[in-house]
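Report on one structure; see the data block that follows.
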2 protein chains.
Amino acid sequence: MTKLSSSEIERLKNSLKEKGYKLTPQRRAIVDIIIRNEGKHLTTEEIYDQVRSECPEIGLATVYRTVQLLDEIGVICKLELDDGCSRYEIIHKEENHRHHHLICTKCSKIIEVTDDLLEPLEKEIEKKYDFKILNHSLKFYGICSECRKSGKYK
Amino acid sequence: MTKLSSSEIERLKNSLKEKGYKLTPQRRAIVDIIIRNEGKHLTTEEIYDQVRSECPEIGLATVYRTVQLLDEIGVICKLELDDGCSRYEIIHKEENHRHHHLICTKCSKIIEVTDDLLEPLEKEIEKKYDFKILNHSLKFYGICSECRKSGKYK
DNA sequence: ATGAGTGCAAATGGTTTGCAAGGCC
DNA sequence: GGCCTTGCAAACCATTTGCACTCAT
């Protein structure tokens, strides 16, 4: 089980301190779990379940509050799949744009698209609509290769 | 107050009948309200409020059920702004792709982007990730021209 | 000792569901 | 008669909030 490296902890502590927040054991454990489950896009409830193994007294409300806070300060970001609950993923410091997601409507697998590809489109829209774009959310719904191979779907 | 034209009613009736559903007065009134409020992106609750003026006995549950049904058969489509409730807009029969939305984070205005612009990107992703894209959702968050002109935001 | 952070339980609010009654083929 | 549809009220469930308590600085 990989834990937070000391450089990661430093970075986290600084991000929090910048806005006047503290790095509590609970907050640390939550970030730890999110990092350890990178790519899994955990829901708040799932984070709660996992965090309890190393922080048994933690309350669900704390997880909700923390996850909101971490989103605010830009350590993690919310991913809405519109299935009734919010999911979260870490933001890597090298990332300067939100990546996109391919969502398989058959098996619910989520594939990340790291290529940006949206830059020229954004420029065009900013000009045409006189709108300053600060962020974006791009999701593609469809059928992944495994589900297509399985033969049931084309 | 524009009402549904007879050709629109025919199209709607057929879409419903195809799947074995009936065109009830409630369903008709709901579609009517959605069309009359095109561009407003009404929430279910807002649709309910408006529909009651011409259908006072209608229940909120009926609106929820209808809106779900109309989404299923492709007459309207859901727009999630992740603000805790679902909004709906009609799909025009000429549209073969979902259009995009610019969302002003200051005044919550929603601007529609009819240009597709995503076609080449989809082709590229389909090939690279071996993923059959069926639909997409693209939202840009930022600040609209009026809010920028007002001087408060840059 | 002051204010931030927490755990718990209760409240909130959008959406869904169970059910009895109504309406149409 | 059977089935779809509806209205109502209750249930659901993710998230938020109030509050008393704890804990660092």
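Residue numbers start from 1 in every chain, and the chains themselves are labelled A, B, ... in the order their sequence lines are given, proteins ahead of strands. Only this structure's heavy atoms are used, side chains among them; waters, hydrogens and symmetry mates stay out.
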What string of B, S and - do you get for nucleotides 4-16 of chain D, 5' to 3', if B is base contact, S is sugar-phosphate-only contact and - is no contact with any protein heavy atom under 4.0 Å?
-SBBB-----SBB
Rounded distance [0.5 Å steps], OG1 in B:Thr24 versus CD in B:Gln26
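Rounded to the nearest 0.5 Å, the OG1-CD separation comes out at 4.5 Å.
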Where the side chain of A:Lys139 meets the backbone of A:Glu80, is there a donor-acceptor pair that is under 3.5 Å apart?
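Indeed, once roles are kept as given, a pair shorter than 3.5 Å links the two residues.
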Check the pair B:His101, B:Ile111 against side-chain contact (heavy atoms from CB on, under 4.5 Å), reporting the backbone distance first and the verdict last.
CA-CA 6 Å; B:His101 296 91; B:Ile111 301 163; over 6 Å; no
Could you tell me how the ring of A:His136 sits relative to the ring of A:His100: parallel (under 30°), tilted (30 to 60°) or perpendicular (over 60°)?
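A:His136 vs A:His100 ring planes: tilted.
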Would you say B:Ile47 ends up clustered with B:Leu16 if hydrophobic residues are merged whenever their side chains have heavy atoms under 4.5 Å apart, either directly or through other cluster members?
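Linked within one cluster.
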For the pair B:Ile103 and B:Tyr141, evaluate side-chain contact (heavy atoms from CB on, under 4.5 Å) and give the outcome as yes or no after the intermediate values.
CA-CA 5 Å; B:Ile103 300 146; B:Tyr141 298 94; 3.7 Å; yes
Give me the atom names and distance for the closest heavy-atom approach of B:Cys144 to A:Phe131.
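What the structure gives for the nearest pair is CA-CD1, 3.6 Å.
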When the distance from CZ of A:Arg28 to P of C:dG5 is rounded to whole Å, what number comes out?
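My rounded result for the distance is 16 Å.
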Would you kindly give the CG-to-P distance between A:Leu70 and C:dG5, to the nearest whole Å?
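After rounding, the gap between these two atoms is 12 Å.
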Let's see if you get this right: which residues in residues 9-17 of chain B place a heavy atom under 4.0 Å from DNA chain C?
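Output list: empty, so none.
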Show me the donor-acceptor pairs within less than 3.5 Å that the side chains of residues 53-79 of chain B make with the rest of the protein, sequence neighbours left out.
unit_1  : atom_1 : unit_2  : atom_2 : d
B:Ser53 : OG     : B:Gln50 : O      : 2.8
B:Glu54 : OE1    : B:Arg36 : NH1    : 3.3
B:Thr66 : OG1    : B:Thr62 : O      : 2.7

